[in-house]
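One structure is given below, encoded as structure tokens.
The figures that follow rest on heavy atoms only: side chains count, while hydrogens, waters and symmetry mates do not. Every chain is numbered from 1 and lettered A, B, ... according to where its sequence line falls, protein lines coming before strand lines.
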There are 2 protein chains.
Amino acid sequence: MKDFNVRDQVARAAVELFAEKGYATTSVQEVVERAGVTKGAMYHYYRSKDDLLFGIYERMLTLQREHLDEIIARGLPTAEALRMACIDVIETSIDSLQEGTVFFRSVHMLSPERQREVTRRRREYNDAFATLVRNGQREGLYRDDIPIAVLVANFFSDIHYLSNWYKPGGTESQTEVAEQITDLFLKGIAAT
Amino acid sequence: MKDFNVRDQVARAAVELFAEKGYATTSVQEVVERAGVTKGAMYHYYRSKDDLLFGIYERMLTLQREHLDEIIARGLPTAEALRMACIDVIETSIDSLQEGTVFFRSVHMLSPERQREVTRRRREYNDAFATLVRNGQREGLYRDDIPIAVLVANFFSDIHYLSNWYKPGGTESQTEVAEQITDLFLKGIAAT
DNA sequence: GGAGCGAAACCGACCGCTCGGTATGTTAGC
DNA sequence: GCTAACATACCGAGCGGTCGGTTTCGCTCC
């Protein structure tokens, strides 16, 4: 039994380095060195550098989609479901801060087809989230004097921005921050 | 009399291309071709590709800092000043959507010293903005149960995210969007 | 006003280097 | 002895930047 798995080690090293210094300025050589393997080993498991990058998107998209679907499937009241979805996605994003850095910074480095797939899946997530808000509007919970796209963007921007300022190990736990941001968002969109 | 200025043409082309396909994947050759000049001409005015990128940051940082200082200097009541600062920075950001795309995506491509300068100047802006919020807290206008850093990040995230979803020429004018986002933010931080 | 001239503006071929990817060789397990 | 899992040396393309040369500009002085 081997004490480490080449695939995972490479993926881990890739995330770290792409987050630290960017996809384009990180060479495959650097990745394999940090992973403690050789280029040959890496290219045995991945077909290209692009695969390394796309893997990050794949994992993030799948993970967040699953979480959201699971929460929606519970059939909770809209307000509870939305609150839960917000807190969960923030916490998840904090768990994957490095992935988030790469995610939002390097889409344009993917191959065109993969860019389109990422866009498509993000839109799906966006739509599912927007539906929650829309339901809340119908129930009179949230204001409808502002386009729903703006409301949703207002929340997604926080997710996006997290990796730019949140430092783990600070005075605030991720749960605290998640609740604070969610609270700010919900206060903003609450019906007057 | 020449009908165009090499410096500006190159800068314009650089912004466009860096926003479209990223700094790293844009070659100097592409930039000069779009600008309609030669590499020799470009390197006569700029010392490096990095200069091209830094110019974008320089302009954005200076512009936004001037705007904020000007608003603060008016000595308006806190609530008015903050509202005005928010709307202004959103409008300005919409005016410079492409610059914004590059600004938030390519910091890590700058030379280390320049990265540090950008960070420094952004922090200055951040602090000036935070002071406004802090004043509002003291006056009892805004909630103080959430760390000020979170409050500020909650707004900056919107600026950051703008270039990811706002499409000019849509149904909403930039003024409308600026007011909507500002309103969401201010509702969120209002004292209960 | 135009000849002369130094400096600035500009051209484009070229260079050194890095990087993603490959091809061929070697080892280990079944 | 066959296959999957690696290792290593290498290639060719593309890149940022340079450098010697040429053109244009601006000004002076007759």
Consider the side chain of [X], meaning its heavy atoms from C-beta on, and name the nucleotide among [options] that approaches it most closely.
X	options	value
S27(A)	dC15(D), dG17(D), dG20(C)	dG20(C)
V6(A)	dG20(C), dC6(D), dC11(C)	dC6(D)
S48(B)	dC19(C), dT22(C), dG17(D)	dG17(D)
H44(B)	dA5(D), dG17(D), dA8(C)	dA8(C)
K39(A)	dG17(D), dG21(C), dA4(D)	dG21(C)

Given atom [atom1] of [X] and atom [atom2] of [N], what is their separation to the nearest angstrom?
X	N	atom1	atom2	value
E33(A)	dT8(D)	CD	P	12 Å
R47(B)	dG17(D)	CZ	C1'	14 Å
E30(B)	dG16(D)	CD	C1'	13 Å
L17(A)	dC19(C)	CG	P	13 Å
Y43(B)	dG20(D)	OH	C1'	18 Å
N5(B)	dA8(C)	CG	P	17 Å

Check for a donor-acceptor pair, side chain of Y23(B) on one end and backbone N or O of A14(B) on the other, with a separation under 3.5 Å.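 No; judged by distance alone, with no hydrogens or angles, the pair does not exist.
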Give a yes or no on whether a donor-acceptor pair under 3.5 Å exists between the nucleobase atoms of dG17(D), that is its base, and the side chain of K49(B).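 Side chain to base: no pair present.
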Please check the phosphate of dC6(D) (OP1 and OP2 only) for any side-chain N or O of Y45(A) closer than 4.0 Å.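 The answer is yes; a side-chain N or O of Y45(A) sits under 4.0 Å from OP1 or OP2.
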Side-chain heavy atoms nearer than 4.5 Å, only ILVMFWY residues, links allowed to pass through others: does that put L61(A) and I71(A) together?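 No, L61(A) does not connect to I71(A) through the hydrophobic network.
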Could you grab the distance from atom CD1 of I90(A) to atom CD1 of I181(A), nearest 0.5 Å is fine?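 With rounding to 0.5 Å, CD1 (I90(A)) is 4.5 Å from CD1 (I181(A)).
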Side chains of Y125(B) and F156(B), heavy atoms from C-beta outward: is any pair under 4.5 Å?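 The answer is yes; the side chains approach within 4.5 Å.
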Please work out if T25(B) contacts a base, only the sugar-phosphate, or nothing of the nucleic acid, heavy-atom cut-off 4.0 Å.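 Nothing, no nucleic acid heavy atom in range.
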